[in-house]
Amino acid sequence: MTTIHTIYKKLFTYYGEPQWWPADSPFEVMVGAILTQNTAWQNVEKAIANLKQSKMLTPDAILKGDIGELAAQLKPSGYFNIKAKRLRNYCDWYRGQGEQKELSELDTAILRTELLSVNGVGPETADDILLYAFNRPVFVIDAYTRRIFSRLGMIAGDEGYEALRLWFENHYQTDVSEVERVEIYRHYHALIVMHAKAHCRKKADCDLCPVIKKCRHFTSE
DNA sequence: ACCCAGGGTCATA
DNA sequence: TATGACCATGGG
């Protein structure tokens with residue numbers, strides 16, 4: 001029987017423990033979460049390198065000065081004008097909340113609502129930040145996740161984001177501690193993205209995806 | 001030349 | 001509620 005857990009085990013066995021979301025600080029994760037919106041991570045790395053180079057990888061530095069200069073740093077990551085605004089919106093909120101101090105005290109559901117109130121932070125970005133920066137047990141739903149579980153016949157595929165997230169969280173490993181759950185969610189999302197990258201380079205590949213229907217990692221059992 | 005990437009907002013019907 | 005336009009660079 002194919003379950004959320006058996007898929008995880010196969011991915012983990014095949015790819016190993018993922019070294020994912022490399023960052024020197026939680027704030028760097030937050031910046032990366034916004035910059036990676038509909039953008040290849042490789043391009044995001046260049047933009048983050050630019051910010052580090054010019055010592056702008058802090059809320060204060062992002063908020064002060066000319067927004068055009070900030071946008072110029074973000075150029076390699078695409079959508080640089082709108083992402084400059086989104087980074088500022090985020091930093092405005094983040095600094096206003098006393099950064100990690102008060103935020104770490106908030107209940108996960110409240111913190112999630114707060115994140116979603118920032119213009120430019122949607123559900124996936126918010127969950128990236130919750131899971132990889134705040135270590136909260138929230139599973140990230142992306143296009144790959146939807147496609148994989150849909151192809152496996154475990155979901156319809158046209159559910160809304162929130163419905164899918166709750167489906168995953170409520171049907172998976174309800175008997176583990178919160179710390180373990182965070183660890184598993186981090187690994188799982190990373191493995192799904194790794195798997196998709198390995199097998200779905202082009203859309204044509206995805207539509208016939210050997211990984212989902214025929215791939216040995218998913219069909220045996 | 002075309003397709004897509006570790007999405008989200010806004011205007012329109 | 002649900003589409004469509006828009007944002008924009010870089011690699012396959």
Side-chain angles (χ1 to χ4, degrees), chain A residues 11 15 17-23 26-51 67-94 112-134 136 138-149 156-165 168 182 184-212:
Chain A
L11 287 170
Y15 293 103
E17 181 176 338
Q19 305 299 318
W20 223 58
W21 215 300
F27 183 69
E28 187 175 330
V29 173
M30 299 168 192
V31 170
I34 291 171
L35 295 185
T36 199
Q37 291 171 353
N38 201 40
T39 300
W41 182 254
Q42 191 173 354
N43 291 348
V44 176
E45 289 183 314
K46 296 174 184 173
I48 290 179
N50 288 343
L51 291 175
I67 196 169
E69 189 173 327
L70 174 60
Q73 306 291 317
L74 304 182
K75 195 172 179 183
S77 71
Y79 304 143
F80 47 83
N81 287 317
I82 192 161
K83 282 177 178 174
K85 290 180 188 171
R86 290 179 180 179
L87 274 186
R88 284 205 162 175
N89 292 341
Y90 184 82
C91 290
D92 200 18
W93 167 80
Y94 188 56
R112 188 169 193 272
T113 302
E114 287 283 311
L115 285 166
L116 290 174
S117 73
V118 178
N119 186 296
V121 176
E124 187 173 341
T125 304
D127 292 343
D128 276 334
I129 293 172
L130 285 166
L131 183 60
Y132 292 100
F134 285 105
R136 303 303 181 101
V138 171
F139 192 70
V140 178
I141 303 295
D142 62 355
Y144 302 137
T145 307
R146 184 183 298 278
R147 185 161 59 215
I148 286 177
F149 290 115
D158 58 350
E159 295 91 344
Y161 184 98
E162 199 65 1
L164 268 187
R165 183 175 70 85
F168 186 98
V182 168
I184 293 170
Y185 285 1
R186 285 178 173 237
H187 288 161
Y188 208 152
H189 176 61
L191 288 166
I192 286 173
V193 175
M194 289 169 65
H195 188 64
K197 279 171 139 172
H199 297 274
C200 302
R201 290 263 164 131
K202 299 177 181 176
K203 187 176 182 183
D205 292 336
C206 292
D207 288 339
L208 298 173
C209 192
V211 178
I212 310 306

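To find a chain, count down the sequence lines: A is the first, B the second, and so on, and within it residues start at 1.
- The closest side-chain heavy-atom distance from A:Y79 to A:N38 is below 4.5 Å.
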Worksheet entry | nucleotides 7-13 of chain B: protein proximity per nucleotide (B base, S sugar-phosphate only, - neither; heavy atom, under 4.0 Å) | BBSS---
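- A:L74 pairs in a side chain to side chain contact (heavy atoms under 4.5 Å, CB included) with only one of the listed residues (A:N50, A:L51, A:V31), which is A:L51.
- A donor and an acceptor atom, one from each side chain of A:D128 and A:T125, are nowhere located under 3.5 Å apart.
- At C:dG11, none of the side-chain N or O atoms of A:N43 fall inside 4.0 Å of OP1 or OP2 (strictly under the cut-off).
- The NZ-P distance, from A:K197 to C:dG12, rounds to 12 Å in whole Å.
- Between A:W93 and A:Y90, the ring planes are tilted. Angles from 30° to 60° get that label.
- The one candidate from A:Y185, A:Y132, A:Y188 that meets the ring pair (Phe, Tyr, Trp, His ring centres under 6.0 Å) condition with A:W20 is A:Y132.
- C:dC6 atom C1' lies 12 Å from atom NZ of A:K85, rounded to whole Å.
- Distance CZ (A:F80) to C1' (C:dC7): 10 Å, rounded to an integer number of Å.
- Straight-line distance from the CD atom of A:E45 to the P atom of B:dA5: 17 Å, rounded to whole Å.
- If you take atom C1' in B:dA5 and the same atom in C:dT3, they sit 22 Å apart, rounded to whole Å.
- Ring geometry for A:F168 versus A:F139: interplanar angle under 30°, hence parallel rather than tilted (30 to 60°).
- Computed from coordinates, the A:Y144 OH to B:dC4 P distance equals 11 Å when rounded to whole Å.
- Closest approach of A:V44 to A:S77, counting heavy atoms only: CA-CB, 4.2 Å.
- Partners of A:R112 by salt bridge (charged side-chain N to carboxylate O under 4.0 Å, His left out), not counting sequence neighbours, listed by chain and number: A:D127, A:E162.
- Residues A:Q42 and A:K83 both approach DNA chain C. Their nearest nucleotides, taken by heavy-atom distance, put A:K83 toward the 5′ side.
- A 4.5 Å side-chain heavy-atom check between A:V121 and A:R86 finds every atom pair outside the cut-off.
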Discussion item. Output the pairing pattern of DNA chain B as a dot-bracket string, 5' first, Watson-Crick or G-U wobble with both distances under 3.5 Å, | for cross-strand pairs, [ ] for crossing pairs.
Written reply: .||||.|||||||
